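First the proteins, then the strands, lettered A, B, ... as listed; each starts at 1. Keep in mind that this is a model prediction, so the values were computed, not measured.
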Amino acid sequence: MPELPEVETIVRGLNSRIIGREITALKVLENRSVEFDKRLITEVIVEHQISSIWRRAKVMIWDLSSGYSLLIHLKMTGQIILKDPAGSGFAGGHPTGSMQAAAKLPDNSTRAIFKLDDGSNIYFNDQRKFGWIRLLPTKEVHSDSFLSSVGPEHDDPVSFTPEYFWQKIRNRITPIKARLLDQKLVAGIGNIYADEALHLAKIHPARKASSLSKAETAALFNAVLAVLKEGVDRGGTSFDKYVNASGGQGDYLKHARVFKREGQPCTVCGTAIIKAKVAGRGTHYCPTCQLPPRGWRP
DNA sequence: CACTTGACCTGTCCGC
DNA sequence: TGCGGACAGGTCAAGT
């Protein structure tokens, strides 16, 4: 499930490959996945160049020379797969489709295809159709009003500070894990990195946010920065396949502290990792390193 | 306003 | 083997 590090990795991969390319066609295979008036395809997409590619929260943004920007959200199962004319590729997104860079495309989960002027194709695959492609004026996107409920980026040292984090956590009774998943607190954390950050900070995911000490909150702040950085450095978790790409493989999962490691030993103390449900999500933690709140039972 | 739950989808896995 | 149901989790609308 692409979170910030996965989307960031895709953005970096595309940046070195398709900037300056002209889009010659956009084929829509699943109407629901492309959430704008299809007449705009010929008006502001086709025969326009991709001038920049960037990311805000978990949304990937392609600025076009027409003054419009394409916004792509992969949600849980979305993938972006670039195939150059020689047939080699670059793939990013959900692990279930990891072999698709080498497989035949389009396939039954392909929702849209961008054709570029050098003969390469970009496939938007999305098994569950939760992902979307939207189109907005670039000016509107850069004003940051397009995402109403998204907070600061983790690496924005002006907005995302320990003091900000503390103020947003200290008075809430909701489980701390639910707070981390709230995109308004900080953008880009999903289920994987929430669990990872909590383990690194030695805080049980079910604890009330308000029960955290200031020191614990500071530790969690640092842990959020650390796991997101580590995720980006490792090329994300949800990837496990690059074809002919210089970035290497996305292998965060091999180094995960708790995520998807239930029953396996904690990397810190050796206790078996537990999986339980917290805030409606599958949640992984070490019962020794992350002491549960009183009365908590998995 | 704070917080929780359900809906959106479809492929996979588990138990009977 | 087939089948029903739980599960996967990002986001938003609707509900308490």
Starting from [atom2] on [N], measure out to [atom1] on [X] and report it in whole angstrom.
X        : N      : atom1 : atom2 : answer
A:Ile189 : C:dT11 : CD1   : P     : 11 Å
A:Lys184 : C:dA13 : NZ    : P     : 13 Å
A:Glu35  : C:dC12 : CD    : P     : 11 Å
A:Lys58  : C:dT11 : NZ    : P     : 4 Å
A:Tyr193 : C:dG10 : OH    : C1'   : 15 Å
A:Leu181 : C:dC12 : CG    : C1'   : 15 Å

Taking the inter-plane angle between the rings of A:Trp62 and A:Phe114 on a 0 to 90° scale, is it parallel (under 30°), tilted (30 to 60°) or perpendicular (over 60°)?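 The arrangement is tilted - the two ring planes meet at 30° to 60°.
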Could you tell me how the ring of A:His142 sits relative to the ring of A:Trp54: parallel (under 30°), tilted (30 to 60°) or perpendicular (over 60°)? tilted
Roughly how far apart, to the nearest Å, are B:dC9 and C:dC3 at atom P?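 So the two P atoms sit 24 Å from each other.
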C1'-based separation of B:dG11 from C:dC12 [nearest Å]: 24 Å
With Watson-Crick and G-U wobble geometry limited to distances under 3.5 Å, how should the secondary structure of DNA chain C be encoded in dot-bracket form, using | for bases paired to another strand and [ ] for crossing pairs? .|||||||.|||||||
OP1 or OP2 of C:dG10 less than 4.0 angstrom from a side-chain nitrogen or oxygen of A:Gln183, does that happen here?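 So the side chain of A:Gln183 is outside the cut-off, no N or O lying under 4.0 Å from OP1 or OP2 of C:dG10.
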Measuring to OP1 and OP2 of C:dT11, would you say a side-chain N or O of A:His73 lies under 4.0 angstrom away?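 Affirmative; the distance criterion is met.
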Does the pair A:Leu136 and A:Ser69 meet the rule for a side-chain contact (heavy atoms from CB on, under 4.5 Å), with working shown? CA-CA 5 Å; A:Leu136 284 177; A:Ser69 296; 5.6 Å; no
Applying side-chain hydrogen bond (donor to acceptor under 3.5 Å, both in side chains) as the test, list every pair that has at least one member in residues 172-182 of chain A; sequence neighbours left out. A:Lys177-A:Asn191, A:Lys177-A:Asp195, A:Lys177-A:Thr283, A:Arg179-A:Asp182
Would you say A:Lys229 has more than 12 foreign heavy atoms packed within less than 6.0 Å of its NZ? no
Does atom CD (A:Gln167) have a neighbourhood of more than 12 heavy atoms from anything else shown, all under 6.0 Å? yes
Kindly determine whether A:Val232 and A:Arg12 satisfy side-chain contact (heavy atoms from CB on, under 4.5 Å), including the steps that lead there. CA-CA 10 Å; A:Val232 171; A:Arg12 292 181 184 186; 3.4 Å; yes
NA contact type, A:Lys275, heavy-atom cut-off 4.0 Å: base, sugar-phosphate, or nothing? sugar-phosphate
Flag the pair A:Leu220 / A:Leu180 as yes when at least one side-chain heavy-atom distance between them is below 4.5 Å, and no otherwise. yes
Can you find a heavy atom in the side chain of A:Arg56 that is under 4.5 Å from one in the side chain of A:Glu153?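 The answer is yes, as the side chains (C-beta and beyond) meet within the 4.5 Å cut-off.
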Before accepting this row, confirm whether a basic side-chain N of the pair A:Glu43/A:Arg39 lies closer than 4.0 Å to the acidic partner's carboxylate O.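 No, no charged N to carboxylate O under 4.0 Å.
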Restricting to nitrogen or oxygen on both sides, can you table the protein-nucleotides 1-5 of chain B pairs closer than 3.5 Å?
| from | atom 1 | to | atom 2 | distance (Å) |
| --- | --- | --- | --- | --- |
| B:dC3 | OP1 | A:Ile173 | N | 2.8 |
| B:dC3 | OP2 | A:Arg172 | NE | 3.4 |
| B:dC3 | OP2 | A:Arg172 | NH1 | 2.3 |
| B:dT4 | OP2 | A:Thr174 | OG1 | 2.6 |

Any N/O pairs under 3.5 Å between the protein and nucleotides 6-9 of chain B? List them or say none.
| from | atom 1 | to | atom 2 | distance (Å) |
| --- | --- | --- | --- | --- |
| B:dC9 | OP1 | A:Arg32 | NH1 | 2.8 |
| B:dC9 | O5' | A:Arg32 | NH1 | 3.3 |
| B:dC9 | O2 | A:Arg128 | NE | 2.5 |
| B:dC9 | O2 | A:Arg128 | NH2 | 3.3 |
| B:dC9 | N3 | A:Arg128 | NH2 | 3.2 |

Proximity to DNA chain B (any heavy atom under 4.0 Å), residues of residues 160-169 of chain A only: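 DNA chain B contact set from residues 160-169 of chain A: none.
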For A:Phe221, give me all partners under ring-ring contact (aromatic ring centres under 6.0 Å, His included), at least two apart in sequence or on another chain.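 Scan of A:Phe221 (ring-ring contact (aromatic ring centres under 6.0 Å, His included), adjacent residues dropped) gives A:Phe160, A:Phe165.
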